[in-house]
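We count ligands from 1, going down the list as the structure has it; atoms in each ligand are counted the same way. All of these numbers come straight from a predicted model, not from anything done at the bench. Position 1 is the first residue of the sequence, and the numbers go up from there.
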Amino acid sequence: MSAIRLDGNRVAESIYEELAARVAARVAAGRPRPHLAAVLVGADPASLNYVRMKRRNAERVGIESSDHRLPETASTEEVVALVSGLNADEGVSGLLVQMPLPGQVDAEAVVEALSPVKDVDGLHPFNAGRLSLGVPLVKPCTPAGILLLLGHYQVPLEGRRAVVVGRSNIVGKPVSLLLLQANATVTICHSRTADLRAVCREADVLVSAVGKTFYIGPDWVKPGAAVVDVGVNRLDGKVVGDVHPDVVEIAGWLTPNPGGVGPMTRALLVRNTYDAEVRRRG
Ligand code: NDP
C-alpha cells in the first residue's frame with residue numbers, strides 16, 4: 001500500500017484562490033490594499049530569490065509588496081532603524097526580514113524590533129510567547145502550514161502520539177506546540193536524543209525538520225503513520241527531503257518533497273500578511 005500524498009501544492013493553490021477573492025472584496029469595498037514589506041540585507045543570491053518569490057506570491061493575490069535593501073555592511077542599528085520606520089508606516093500590513101542576516105547584525109535585536117502585529121513570520125518573542133501559552137496570534141508559516149495540511153487531509157491528531165525531530169525556533173518547537181494544541185501527545189527530539197529510531201517508530205504523526213538527506217528510513221516509521229518531511233537538502237543538484245523515498249510504502253500519509261511543506265510555508269506567509277492587515281485595521 002502506498003501512502004496518501006499530502007499535496008501541499010494543491011492545498012496552497014486553494015489558499016491563494018481564497019485570499020485573492022478576499023483581497024478583491026476588500027479593495028472593492030474601498031479598503032486599502034494589504035501590503036507586504038520585505039527587508040533584505042546584503043545581496044546573497046538565494047536570499048534575493050526567496051524575497052522575489054515571496055513578493056510574487058503576495059502579488060498574485062492582489063497584495064502589494066515592496067523591497068527594502070541595505071548593504072552587506074549594515075549595522076544592527078541601521079537594520080533596526082529601517083524596521084522601526086516600516087513598523088510606523090501605516091500603509092505596511094506585514095513585514096519580513098529575510099534571514100540569515102550578516103554576522104555583524106544582531107538578529108535577535110532585529111526580530112525584537114519588529115512590531116508583533118506586523119511580524120508575518122511569527123518570530124517575535126511576543127508571538128512565540130502567545131503560541132507557548134496556547135493563545136497564538138501570528139503563527140510561524142511552516143508549522144501553521146503543516147497543521148493546515150494535516151487538517152485538510154483529516155489526519156487524526158487528537159490523542160495520537162506525535163514525534164517531532166528538530167527543535168529550532170522556526171520549525172521544531174512551534175510545530176510541536178501546535179500539535180500539542182491539537183491534543184496530540186508530543187515528543188520533541190534532537191541531535192542528543194537516545195535511540196531516535198525507536199522513538200520515531202512510536203509516532204502516529206512523525207515530523208522531520210532536521211536537514212539531513214534521507215535520514216528517516218522506512219524502518220523508522222510505524223506502519224500507517226502520517227509523515228511530514230520538512231527538510232530541504234540537495235542531492236545531485238535536486239532538492240530532496242529528510243525522509244527516504246521507500247517510506248511511501250510504510251506510511252499512511254506522506255508529504256512529497258518538494259511539493260509538500262514548502263508550498264504551504266509560502267502560502268501561509270501571504271495569508272499571515274492578509275490576516276495582519278485585517279487584525280490591525282479591521
Ligand atoms: P536547524 O538547523 O535550526 O535545526 C535542525 C534541528 O535538527 C536541530 O534541532 C538539531 O538538533 C536537529 N538535528 C540535527 N542533526 C540531528 C540528528 N542527527 N538527529 C536528530 N536531530 C538532529 O534547522 P531548521 O529547523 O531551520 O530547518 C530544518 C530543515 O527544514 C532544514 O533542512 C531546512 O532547510 C528545512 N526547512 C524547510 C522549510 C520549508 O518550508 N520546507 C522551512 C524551514 C526549514 P540540535 O538542536 O540538538 O542541534
Side-chain angles (χ1 to χ4, degrees), residues 5-13 15-16 44-47 49-54 56-58 96-101 107-108 111 120-123 128 131 138-150 162-179 186-203 206-217 219-221 227-235 237-244 247 254-272:
R5 185 183 161 89
L6 299 172
D7 189 342
N9 278 324
R10 223 181 88 198
V11 179
E13 218 36 58
I15 294 172
Y16 289 124
D44 172 63
S47 292
N49 194 36
Y50 287 139
V51 166
R52 202 175 302 129
M53 210 156 60
K54 289 171 184 178
R56 200 184 307 136
N57 291 334
L96 74 87
V97 178
Q98 184 62 42
M99 300 289 174
L101 290 166
E108 240 167 72
V111 168
V120 285
D121 280 319
L123 296 177
L131 179 60
V138 185
K139 298 178 198 164
C141 303
T142 302
I146 291 170
L147 268 286
L148 260 184
L149 191 57
L150 293 171
V163 172
V164 176
V165 192
R167 56 175 163 180
S168 69
N169 290 331
I170 188 154
V171 189
K173 247 181 253 166
V175 79
S176 303
L177 290 166
L178 288 176
L179 287 164
V186 185
T187 303
I188 308 175
C189 303
H190 45 78
S191 63
R192 321 285 167 82
T193 299
D195 204 356
L196 182 58
R197 186 177 79 113
V199 181
C200 290
R201 268 191 76 84
E202 288 175 11
L206 177 60
V207 179
S208 180
V210 175
K212 286 194 189 305
T213 301
F214 302 158
Y215 189 59
I216 307 287
D219 56 337
W220 289 46
V221 174
V227 180
V228 176
D229 186 0
V230 185
V232 176
N233 312 299
R234 299 228 161 240
L235 182 68
K238 281 193 190 149
V239 171
V240 296
D242 290 347
V243 175
H244 192 282
V247 168
L254 176 64
T255 56
N257 194 340
V261 176
M264 292 301 292
T265 299
R266 295 191 282 277
L268 263 290
L269 181 78
V270 182
R271 196 167 108 167
N272 278 354

Trainee: My question is simple, although I want it checked carefully: is atom 30 (O) of ligand 1 less than 4.0 angstrom from any protein heavy atom?
Mentor: yes
Trainee: Test your reading of the structure: does Asp242 have an N or O sitting under 3.5 Å from an N or O of ligand 1?
Mentor: no
Trainee: Using a 6.0 Å cut-off, check whether atom OH of Tyr50 has over 12 heavy atoms from anything other than its own residue.
Mentor: no
Trainee: Could you name the option among Val171, Ile146, Thr265, Asn169 that has the heavy atom nearest to atom 27 (O) of ligand 1?
Mentor: Val171
Trainee: Heavy atom of Ala209 under 4.0 Å from ligand 1?
Mentor: yes
Trainee: Closer than 4.0 angstrom: is that true for some heavy atom of Lys212 and an atom of ligand 1?
Mentor: yes
Trainee: Out of all atoms in ligand 1, which are within 4.0 Å of some heavy atom of Ile170? Include the element for each.
Mentor: 26 (O)
Trainee: Is a side-chain N or O of Asn57 found less than 3.5 angstrom from the main chain of Met53, in a donor-acceptor match?
Mentor: yes
Trainee: In terms of residue, atom name and distance, what is the protein heavy atom nearest to atom 20 (C) of ligand 1?
Mentor: His190 O, 3.3 Å
Trainee: Would you mind telling me if ligand 1 is within reach of the side chain of Val232, the backbone, both or neither, using heavy atoms under 4.0 Å?
Mentor: both
Trainee: Among all protein non-hydrogen atoms, which one is nearest to atom 46 (O) of ligand 1, and what is the separation to 0.1 Å?
Mentor: Arg167 NE, 2.7 Å
Trainee: Between Asp121 (side chain only) and Leu96 (backbone N and O only), is there a donor and an acceptor less than 3.5 Å apart?
Mentor: no
Trainee: Looking only at protein heavy atoms, which one is nearest to atom 19 (N) of ligand 1, and how far off is it?
Mentor: Tyr215 OH, 2.9 Å
Trainee: Look only at the side chain of Ser168 and the backbone of Val171, and say whether a donor-acceptor pair between them is shorter than 3.5 Å.
Mentor: yes
Trainee: Which ligand 1 atoms, with their elements, are less than 4.0 angstrom from a heavy-atom of Gly262?
Mentor: 40 (O), 41 (N)
Trainee: Got more than 12 heavy atoms from elsewhere within 6.0 Å of CG, Leu196?
Mentor: yes
Trainee: The criterion is side-chain contact (heavy atoms from CB on, under 4.5 Å); which residues satisfy it with Thr265, sequence neighbours excluded?
Mentor: Cys141, Thr142, Val261
Trainee: Of all the non-hydrogen atoms in the protein, which one sits nearest to atom 11 (O) of ligand 1, and at what distance?
Mentor: Ser191 N, 3.3 Å
Trainee: Do any N or O atoms from the side chain of Asp229 and from the backbone of Val243 form a donor-acceptor pair under 3.5 angstrom?
Mentor: yes
Trainee: For atom 16 (C) of ligand 1, grab the closest protein heavy atom and report residue, atom and distance to one decimal in Å.
Mentor: Val210 CG1, 3.7 Å
Trainee: Report the part of Leu196 in contact with ligand 1, treating N, CA, C, O as backbone and CB onward as side chain, heavy atoms under 4.0 Å; options are side chain, backbone, both, neither.
Mentor: side chain
Trainee: With a 4.5 Å limit on heavy-atom distance, are the side chains of Asn233 and Asp242 in contact?
Mentor: yes
Trainee: Output the list of atoms in ligand 1 that are nearer than 4.0 Å to some heavy atom of Gly211, sorted by atom number.
Mentor: 29 (C), 31 (C), 32 (O)
Trainee: Out of Ser168, Gly166, Gly8, whose heavy atom is nearest to atom 23 (O) of ligand 1?
Mentor: Ser168
Trainee: Flag the pair Leu148 / Arg271 as yes when at least one side-chain heavy-atom distance between them is below 4.5 Å, and no otherwise.
Mentor: yes
Trainee: So, do Leu6 and Leu254 sit near enough that their side-chain heavy atoms are less than 4.5 Å apart?
Mentor: no
Trainee: Provide, to 0.1 Å, the distance between atom 35 (C) of ligand 1 and the closest protein heavy atom, together with that atom's residue and name.
Mentor: Val230 O, 3.5 Å
Trainee: So, does Asn9 use its side chain to make a donor-acceptor pair with the main chain of Gly260 at under 3.5 Å?
Mentor: no
Trainee: Considering only heavy atoms, does Thr142 approach ligand 1 within less than 4.0 Å through its side chain, its backbone, both, or neither?
Mentor: side chain
Trainee: Answer with yes or no whether Gly231 contacts ligand 1, where contact means a heavy atom under 4.0 Å from a ligand atom.
Mentor: yes
Trainee: I need the atoms of ligand 1 closer than 4.0 Å to a non-hydrogen atom of Val165, numbered in the order shown.
Mentor: 20 (C), 21 (N)
Trainee: Is a side-chain N or O of Arg201 found less than 3.5 angstrom from the main chain of Asp219, in a donor-acceptor match?
Mentor: yes
